[in-house]
Protein chains: 2
Amino acid sequence: MAQKTILIVDDESSIRDMLRVALEMAEYDCLEASDAQTAHSLIIDRKPDLVLLDWMMPGTSGIELARRLKRDEVTSQTPIIMLTAKGEEDNKVQGLEVGADDYITKPFSPRELVARLKAVLRRTDTLVDSGPITVEGLTLDPVSHRVTINDQPVQMGPTEYRLLEFFLTHQERVYSRSQLLDHVWGGNVYVEERTVDVHIRRLRKALQLDEHDRFVQTVRGAGYRFSTKVVERTD
Amino acid sequence: MAQKTILIVDDESSIRDMLRVALEMAEYDCLEASDAQTAHSLIIDRKPDLVLLDWMMPGTSGIELARRLKRDEVTSQTPIIMLTAKGEEDNKVQGLEVGADDYITKPFSPRELVARLKAVLRRTDTLVDSGPITVEGLTLDPVSHRVTINDQPVQMGPTEYRLLEFFLTHQERVYSRSQLLDHVWGGNVYVEERTVDVHIRRLRKALQLDEHDRFVQTVRGAGYRFSTKVVERTD
DNA sequence: TGGAAATGTCACAAAACCTTCACATAATCG
DNA sequence: CGATTATGTGAAGGTTTTGTGACATTTCCA
């Protein structure tokens with residue numbers, strides 16, 4: 001399963017360090033920001049799966065950021081866990097009202113952090129997925145995790161599924177093998193680039209694409225592209 | 001959506017009053033009970049959507065009642081929020097172990113109460129029983145709590161029953177082990193994910209599903225899915 | 001209190017899957 | 001046109017995921 005990315009927002013670097021250690025132990029990817037501005041653009045840009053947000057921050061406070069995120073269509077789905085100093089009961093309440101999905105009171109144990117984080121992630125996991133994607137009879141439904149061609153169910157492995165999902169959400173654009181490894185396999189894996197070819201082949205086979213230009217197209221020297229248009233040669 | 005009904009269980013009438021005011025402000029219907037006995041019959045009788053349960057009560061303690069409620073098939077679906085006095089960490093743990101869906105430490109602000117209550121309700125919302133569910137000869141009757149295949153009674157454990165109930169009310173959708181733990185076991189339990197596999201097996205066995213693709217389907221790398229459609233392999 | 005039922009965990013078995021490699025085939029270029 | 005490079009393809013082998021039976025513990029009930 002793809003690794004989850006957590007964005008840590010805190011102005012104290014020592015706390016960020018601590019959090020990062022704990023999160024990386026639990027196999028999460030980490031992003032960091034020390035101010036609301038940076039945090040905001042990181043969220044738009046990198047789309048983390050969850051935001052750990054400190055309550056007290058210079059400039060725009062954490063709660064202000066949370067409010068802004070939850071109001072915005074684009075970012076409102078991203079779950080937020082607030083970090084609050086001990087005894088700030090009012091803040092806690094405000095935090096939840098603003099739309100934070102949970103809060104943790106400092107000081108906290110790493111295990112509590114990870115436990116709550118997991119709980120929030122699995123609770124919000126299902127809400128993020130969008131409806132089925134259909135393209136000329138080919139349908140991928142993230143909810144049922146199913147692929148059909150003209151309503152005929154199609155069987156494929158997990159990697160092929162992720163590959164197809166990625167292609168369908170990024171049509172008409174060429175991706176190098178390296179980029180595909182990044183996006184579909186997930187950042188830091190060491191895998192031969194040619195492995196992508198093999199999975200491309202399996203995907204084509206599963207979809208029974210006899211002509212190679214149908215949907216999954218080879219762009220020689222560059223990589224692969226998913227497209228509904230069949231390209232004429234441009235000699 | 002219909003107005004939610006909350007049952008307040010506390011022996012101190014002053015606290016009940018406070019709670020009732022807060023809840024009615026937030027547009028909830030309220031029931032009240034000052035002892036476990038009354039509470040129990042009210043739950044059976046009026047089926048509240050949530051129970052606010054005080055930890056310390058004369059006679060049967062709150063935790064005892066919680067245990068009883070969560071054990072009973074009929075009442076086990078009703079979410080419970082425990083009210084505990086400050087600093088009783090041990091109780092907190094016990095409370096969660098018994099199956100309470102959340103706990104609140106006294107003293108608390110009304111706003112916090114409502115915020116948590118909303119959160120719990122949101123999580124457990126989907127459990128509306130509306131008569132028996134039938135799917136190709138397989139019937140689950142929430143009222144009599146019975147499962148039959150072609151009118152032949154089928155026997156299974158409570159966990160398998162809840163699992164099946166959840167599946168039947170959420171067909172055609174993949175759930176990860178983690179999500180199943182959340183929905184079927186209840187939010188805050190620590191159980192190995194592989195335990196889900198074992199109960200899946202027990203459910204399959206009880207339903208005598210010889211082919212594994214019948215009804216309870218494995219989605220490799222993702223989780224499990226209940227579905228009547230069978231996927232054929234494309235080798 | 002004793003026994004039956006249910007539950008969570010583990011270890012091992014079986015199945016599905018992923019990666020790599022070797023070689024085949026196709027495209028490109030001088 | 002041959003050499004060269006890029007991609008297609010099938011199979012082997014190791015790895016990961018899932019299935020399954022057994023066991024210890026706890027809960028339930030008579």
Side-chain angles (χ1 to χ4, degrees), chain A residues 1-3 27 145 155-163 174-178 180-181 184-186 189-214 216-225 231 233-235, chain B residues 63-64 66-73 76 94 97-99 145 155-164 174-178 180-181 184-186 189-214 216-225 231 233-235:
Chain A
M1 202 178 301
Q3 206 163 351
E27 308 231 318
H145 214 274
Q155 178 88 26
M156 64 183 71
T159 304
E160 285 70 57
Y161 178 89
R162 289 201 307 275
L163 193 54
V174 181
Y175 290 92
S176 69
R177 292 171 176 72
S178 167
L180 287 174
L181 283 178
V184 177
W185 273 250
V189 288
Y190 176 63
V191 174
E192 291 288 325
E193 292 201 345
R194 289 302 310 279
T195 300
V196 174
D197 297 30
V198 179
H199 285 279
I200 288 281
R201 152 136 183 81
R202 290 189 183 139
L203 178 57
R204 282 171 169 160
K205 201 172 189 178
L207 300 180
Q208 299 183 312
L209 305 177
D210 304 325
E211 334 143 49
H212 268 185
D213 279 356
R214 180 82 174 149
V216 181
Q217 302 174 347
T218 303
V219 182
R220 205 179 167 78
Y224 297 96
R225 165 181 56 204
V231 182
R233 329 237 64 249
T234 58
D235 296 306
Chain B
I63 201 158
E64 198 47 57
R67 200 195 306 278
R68 225 167 74 206
L69 291 175
K70 284 297 179 185
R71 259 210 298 262
D72 186 346
E73 294 286 0
S76 69
Q94 271 189 55
E97 270 177 359
V98 167
H145 233 269
Q155 191 163 6
M156 63 183 72
T159 305
E160 284 69 58
Y161 178 88
R162 288 200 308 277
L163 193 54
L164 179 60
V174 176
Y175 291 92
S176 66
R177 292 170 175 73
S178 176
L180 287 174
L181 283 179
V184 177
W185 274 252
V189 288
Y190 178 64
V191 174
E192 290 288 324
E193 291 200 346
R194 289 302 311 277
T195 300
V196 174
D197 297 31
V198 178
H199 284 277
I200 287 280
R201 155 141 180 77
R202 290 177 181 154
L203 177 57
R204 282 171 169 162
K205 205 170 189 177
L207 299 179
Q208 298 183 313
L209 304 177
D210 305 324
E211 334 145 50
H212 267 185
D213 279 357
R214 182 84 176 147
V216 181
Q217 302 175 347
T218 303
V219 182
R220 206 153 232 274
Y224 295 96
R225 166 182 57 205
V231 182
R233 330 219 79 245
T234 59
D235 294 311

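Chain identifiers are assigned alphabetically (A, B, ...) following the order of the sequence lines, protein sequences preceding nucleic acid strands; residue numbering begins at 1 within each chain.
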Practice prompt. Check whether the side chain of B:Arg220 and the base of D:dT17 form a donor-acceptor pair under 3.5 Å.
Written response: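 It does, because a donor-acceptor pair links the side chain of B:Arg220 to the base of D:dT17 below 3.5 Å.
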Fill in: Side chain A:Arg204 and base D:dG8 donor-acceptor under 3.5 Å
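Under the 3.5 Å cut-off, the side chain and the base do not form any donor-acceptor pair.
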Discussion item. Using heavy-atom distances to pick each residue's nearest nucleotide on DNA chain D, tell me which of A:Val198 and A:Gly223 is more 5'.
Written reply: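 The answer here is A:Gly223.
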Worksheet item: Which part of the nucleic acid, if any, lies within reach of A:Val219 when heavy atoms closer than 4.0 Å are counted: base, sugar-phosphate only, or nothing?
Response: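 Answer is sugar-phosphate: A:Val219 comes under 4.0 Å of backbone atoms only.
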Practice prompt. Classify the nucleic acid contact of B:Glu160 as base, sugar-phosphate or nothing, counting any heavy atom under 4.0 Å across all strands shown.
Written response: sugar-phosphate
Taking all heavy atoms of [X] and all of [Y], pick out the closest pair and write down the distance.
X	Y	result
B:Thr218	B:Tyr224	OG1-CE2, 3.5 Å
B:Glu160	B:Leu203	CG-N, 3.7 Å
A:Leu181	A:Glu192	CD1-O, 4.3 Å

Worksheet item: D:dT7, D:dT20, C:dT7: which one has an atom nearest the side-chain heavy atoms of B:Arg194?
Response: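 Of D:dT7, D:dT20, C:dT7, D:dT20 is nearest to the side chain of B:Arg194.
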Worksheet item: Considering only side-chain heavy atoms of B:Arg202, which listed nucleotide, C:dC10, C:dT7, D:dG19, is closest?
Response: C:dT7
[N] [atom2] sits how many Å from [X] [atom1], rounded?
X	N	atom1	atom2	value
B:Glu193	D:dT18	CD	C1'	13 Å
B:Gln217	C:dA16	CD	P	14 Å
A:Asp197	D:dA6	CG	C1'	9 Å
B:Glu192	C:dC10	CD	C1'	10 Å
A:Ile200	C:dA26	CD1	C1'	17 Å
B:Leu181	C:dG8	CG	C1'	11 Å
A:Tyr190	D:dT15	OH	P	16 Å

Discussion item. How long is the straight-line distance from CD of B:Gln217 back to NE2 of A:His145, given to the nearest 0.5 Å?
Written reply: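 Answer for the NE2-CD pair, A:His145 versus B:Gln217, is 13.0 Å.
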Worksheet item: Taking atom CZ of A:Arg177 and atom OG1 of A:Thr195, what is their separation to the nearest 0.5 Å?
Response: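 Spacing of CZ (A:Arg177) from OG1 (A:Thr195) equals 10.5 Å.
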Would you say a side-chain N or O of [X] is under 4.0 Å from OP1 or OP2 of [N]?
X	N	answer
A:Thr159	C:dC17	no
B:Thr195	C:dT9	yes
B:Trp185	C:dT7	no
A:Tyr224	D:dG8	yes
B:Thr218	D:dG19	yes

Fill in: First encountered from the 5' end of DNA chain C, between A:Gly157 and B:His199
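With B:His199 and A:Gly157 compared, the 5'-side residue is B:His199.
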